[in-house]
Amino acid sequence: MTPATPTLPVIRLSFAKGQLTLTNERVQKPLSAALLLRGKTLSLSLDILRMLLTLCPEAHAAALTAAARAAGLKDAPDPEPLVRRAIVEAVSETVRTAVYDIPRRHGALRPALDAVRGLRAAHAQALADNLSDASEAAFREAVRSALEEDLLCEVMALFNDFSRLPAADAKTLLTVETLADDEFASLGQELLDGRLEAPRAGVPGAFARECVRQGLLPAFRPKDLFAARLSEVNRWLADEETRLGALRTVALPSPEPGHGAALSALETARGALFAAVETDGSRIVRAGFLAPTEWSMRADGLPLVWAKHFLTARGDDPRLKERLETLFAAFDPCTDLVWEDGHA
């Protein structure tokens with residue numbers, strides 16, 4: 001958990017007097033990019049998203065494009081090429097989390113810094129070349145090089161600390177298909193109205209997608225969530241079916257004559273990313289986004305429930321902060337996760 005830029009929303013953990021509390025500041029502050037899209041063309045809006053967002057800019061761009069096209073925005077392109085870019089982005093972020101972000105929090109592990117540098121360079125080149133055959137092949141090779149087996153085994157072993165946590169109910173798992181049609185449409189309207197909090201707690205991500213793929217309803221623990229993300233990457237490397245990039249779009253009721261509105265949901269590395277948009281036929285009137293983090297990083301969300309169970313059993317552990325960071329990494333939040341000063 002690294003210090004966050006003070007002006008940006010964070011997921012804030014406070015541990016005081018044996019109590020752990022979580023505050024998701026993201027739901028209190030509208031995404032600045034969404035506010036800046038008002039009155040802009042789609043092309044300019046995509047440029048704004050890519051300039052401002054440090055996580056999942058391609059996923060935001062793909063989801064917004066799909067929603068804008070469904071809303072009837074003139075000249076909105078087919079989102080499929082953008083979805084391919086979002087999948088590359090998702091693979092890159094998943095691998096970086098596994099071989100760098102998690103290991104750097106643990107003194108006994110050595111982050112794969114050189115491999116991640118190569119991965120980032122290959123990722124950037126692939127996007128710059130619009131995923132040409134050569135650049136995508138180079139990116140795939142960088143992914144394979146970064147997934148060093150011994151390091152992954154050590155990282156996976158960190159999650160053994162949580163093997164005695166209560167197993168979670170599969171009903172909490174969330175994919176783009178999980179929401180009923182009316183709940184899906186209602187969420188789109190709420191996003192356009194500026195309400196940024198998920199309607200309920202949920203666990204989005206690769207494990208949810210795997211359960212949908214396999215038709216499973218298992219109980220699960222943190223290690224299962226983390227392992228599923230790596231499995232998704234390996235499927236992509238092997239050119240097997242992956243639910244990364246799965247897209248769901250629905251048109252919303254027209255807010256006023258001549259306007260269109262729609263909601264899209266795209267499966268990213270961390271789960272379903274939602275984008276809602278209202279257009280006047282040529283420009284964006286309103287837009288709203290809901291990241292996967294908002295479903296899980298809540299006061300009633302599974303990460304905090306599990307963390308409190310862990311505190312009950314291991315509250316005097318000298319490595320408590322380090323272990324809790326690993327627990328929250330199983331959910332891979334889409335923003336900085338920080339401790340309140342003086343309470344860690």
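Heads up: numbering here begins at 1 and tracks the sequence.
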Student: Under 4.0 Å between a side-chain nitrogen and a carboxylate oxygen: does that hold for R229 and E232?
Tutor: no

Student: Under a 3.5 Å distance rule, please check whether W295 uses its side chain to pair with a backbone N or O of E197 as donor and acceptor.
Tutor: no

Student: Counting distance only, does the side-chain N/O of N24 pair as donor-acceptor with the main-chain N or O of R298 below 3.5 Å?
Tutor: no

Student: Is the closest side-chain heavy-atom distance between P57 and E89 below 4.5 Å?
Tutor: yes

Student: Answer yes if L52 and L273 sit in the same cluster of Ile, Leu, Val, Met, Phe, Trp and Tyr residues linked by side chain heavy atoms under 4.5 Å apart, and no otherwise.
Tutor: no

Student: Of the non-hydrogen atoms in L247 and A66, which two are nearest, and what is the gap between them?
Tutor: CD2-CB, 3.7 Å

Student: What residue pairs, at least two apart or across chains, pass salt bridge (Lys or Arg N to Asp or Glu O under 4.0 Å) with a residue in residues 257-284?
Tutor: E93-R270, R209-E267, R270-D332, E278-R286

Student: Could you note down all residue pairs passing side chain to side chain donor-acceptor pair (under 3.5 Å) where residues 38-52 supplies at least one of them, sequence neighbours left out?
Tutor: R50-E58

Student: Nearest 0.5 Å, what's the CZ-CZ distance between R144 and F139?
Tutor: 11.0 Å

Student: Of all the heavy-atom pairs spanning V83 and G245, show the shortest one and how long it is.
Tutor: CG1-O, 3.5 Å

Student: Is there any ring pair (Phe, Tyr, Trp, His ring centres under 6.0 Å) pair reaching into residues 158-179, and which pairs are they, with sequence neighbours excluded?
Tutor: F159-F226, F162-F310

Student: Under 3.5 Å, is there a donor-acceptor pair between the N130 and R85 side chains?
Tutor: yes

Student: Applying side chain to side chain donor-acceptor pair (under 3.5 Å), run through T94 and T97 and close with a yes or a no.
Tutor: CA-CA 5 Å; T94 300; T97 298; over 6 Å; no

Student: At their closest point, which heavy atom of T175 faces which heavy atom of A272, and how far apart are they?
Tutor: C-CB, 4.5 Å

Student: What is the distance from atom CG of L37 to atom CG of L42, rounded to the nearest 0.5 Å?
Tutor: 9.0 Å

Student: In this structure, would V203 and F274 fall into the same cluster of hydrophobic residues linked by side-chain contacts under 4.5 Å?
Tutor: no

Student: Given side chains that start at C-beta, do those of L290 and L187 come closer than 4.5 Å, heavy atoms only?
Tutor: yes

Student: How close do L173 and A208 get, heavy atom to heavy atom, and via which atoms?
Tutor: CB-CB, 3.7 Å

Student: Once salt bridge (Lys or Arg N to Asp or Glu O under 4.0 Å) is applied, do any residues pair with R110, and if so which ones, sequence neighbours excluded?
Tutor: none

Student: In sequence, state the C-alpha distance, the side-chain angles, and the governing distance for L244 and T268, and then conclude on side-chain contact (heavy atoms from CB on, under 4.5 Å).
Tutor: CA-CA 6 Å; L244 279 173; T268 71; 5.8 Å; no

Student: Could you measure the distance from the CD atom of Q189 to the CG atom of L191? Nearest 0.5 Å is fine.
Tutor: 9.5 Å

Student: Can you establish whether the number of heavy atoms outside D133 located under 6.0 Å from its atom CG is more than 12?
Tutor: no

Student: Assess the residue pair V143 and L119 against the criterion (side-chain contact (heavy atoms from CB on, under 4.5 Å)); give the C-alpha distance rounded to whole Å, side-chain angles, the decisive distance to 0.1 Å, and a yes or no.
Tutor: CA-CA 6 Å; V143 171; L119 179 69; 3.6 Å; yes

Student: Taking atom NE2 of H309 and atom CG of L304, what is their separation to the nearest 0.5 Å?
Tutor: 10.5 Å

Student: Just wondering, do R120 and S92 contact through their side chains at under 4.5 Å, heavy atoms?
Tutor: no

Student: Can you find a heavy atom in the side chain of L320 that is under 4.5 Å from one in the side chain of L311?
Tutor: yes

Student: Before giving the answer on side-chain contact (heavy atoms from CB on, under 4.5 Å), spell out for L230 and M156 the whole-Å C-alpha distance, their side-chain angles and the decisive distance to 0.1 Å.
Tutor: CA-CA 10 Å; L230 295 178; M156 191 72 73; 3.9 Å; yes

Student: For W306, does the six-membered ring have the charged nitrogen or CZ of R221 within the cation-pi criterion, i.e. under 6.0 angstrom from the centroid and within 45° of the normal?
Tutor: no

Student: Using side-chain heavy atoms (C-beta onward) and a distance below 4.5 Å, is V99 in contact with P111?
Tutor: no

Student: With sequence neighbours left out, which residue pairs that include part of residues 36-57 fulfil the ring pair (Phe, Tyr, Trp, His ring centres under 6.0 Å) condition?
Tutor: none

Student: Could you tell me whether the side chain of T326 and the main chain of E322 form a donor-acceptor pair under 3.5 Å?
Tutor: yes

Student: Within the distance-only criterion (no hydrogens, no angle test), does the side chain of S145 pair as donor or acceptor with the backbone N or O of E141 below 3.5 angstrom?
Tutor: yes

Student: Ignoring hydrogens, what is the shortest heavy-atom contact between P103 and V155? Give both atom names and the distance.
Tutor: CG-CG2, 3.7 Å

Student: Is N160 close to K223 at the side-chain level, that is, under 4.5 Å between some pair of heavy atoms?
Tutor: yes

Student: Can you name the nearest heavy-atom pair linking L192 to A261, along with the distance?
Tutor: CD1-CB, 4.1 Å

Student: Are any non-hydrogen side-chain atoms of T65 and P77 less than 4.5 angstrom apart?
Tutor: yes

Student: Rounded to the nearest 0.5 Å, how far apart are CG of L165 and OG1 of T312?
Tutor: 10.0 Å

Student: Thinking salt bridges, do R140 and E136 make one under a 4.0 Å N-O criterion?
Tutor: yes

Student: Between R96 and D101, is there a salt bridge with N-O shorter than 4.0 Å?
Tutor: yes

Student: Which pairs, with at least one residue in residues 245-263 and sequence neighbours excluded, count as a salt bridge (Lys or Arg N to Asp or Glu O under 4.0 Å)?
Tutor: D181-R248

Student: In Å and rounded to the nearest 0.5 Å, what is the CG to CD1 distance from L53 to I48?
Tutor: 10.5 Å

Student: Does F184 share a hydrophobic cluster with F289, counting links as ILVMFWY side-chain heavy atoms below 4.5 Å and allowing steps through other members?
Tutor: no

Student: Just say parallel, tilted or perpendicular for the rings of F220 and F207, cut-offs at 30° and 60°.
Tutor: tilted

Student: Would Y100 and I102 show up in the same hydrophobic cluster when neighbours are defined by side-chain heavy atoms closer than 4.5 Å?
Tutor: yes

Student: For E80, is there any backbone N or O sitting under 3.5 Å from a side-chain donor or acceptor partner on D78?
Tutor: yes

Student: Would a 4.5 Å heavy-atom cut-off, applied to side chains only, mark H259 and V285 as touching?
Tutor: yes

Student: Please lay out, stage by stage, how K321 and R105 fare under the test side-chain contact (heavy atoms from CB on, under 4.5 Å).
Tutor: CA-CA 10 Å; K321 177 182 172 183; R105 300 185 178 111; over 6 Å; no

Student: Hey, is the main chain of G202 close enough, under 3.5 Å, to the side chain of S296 for a donor-acceptor pair?
Tutor: no

Student: Applying a strict under-4.5 Å side-chain criterion to I, L, V, M, F, W and Y, I'd like to know whether L113 and L151 cluster together.
Tutor: yes

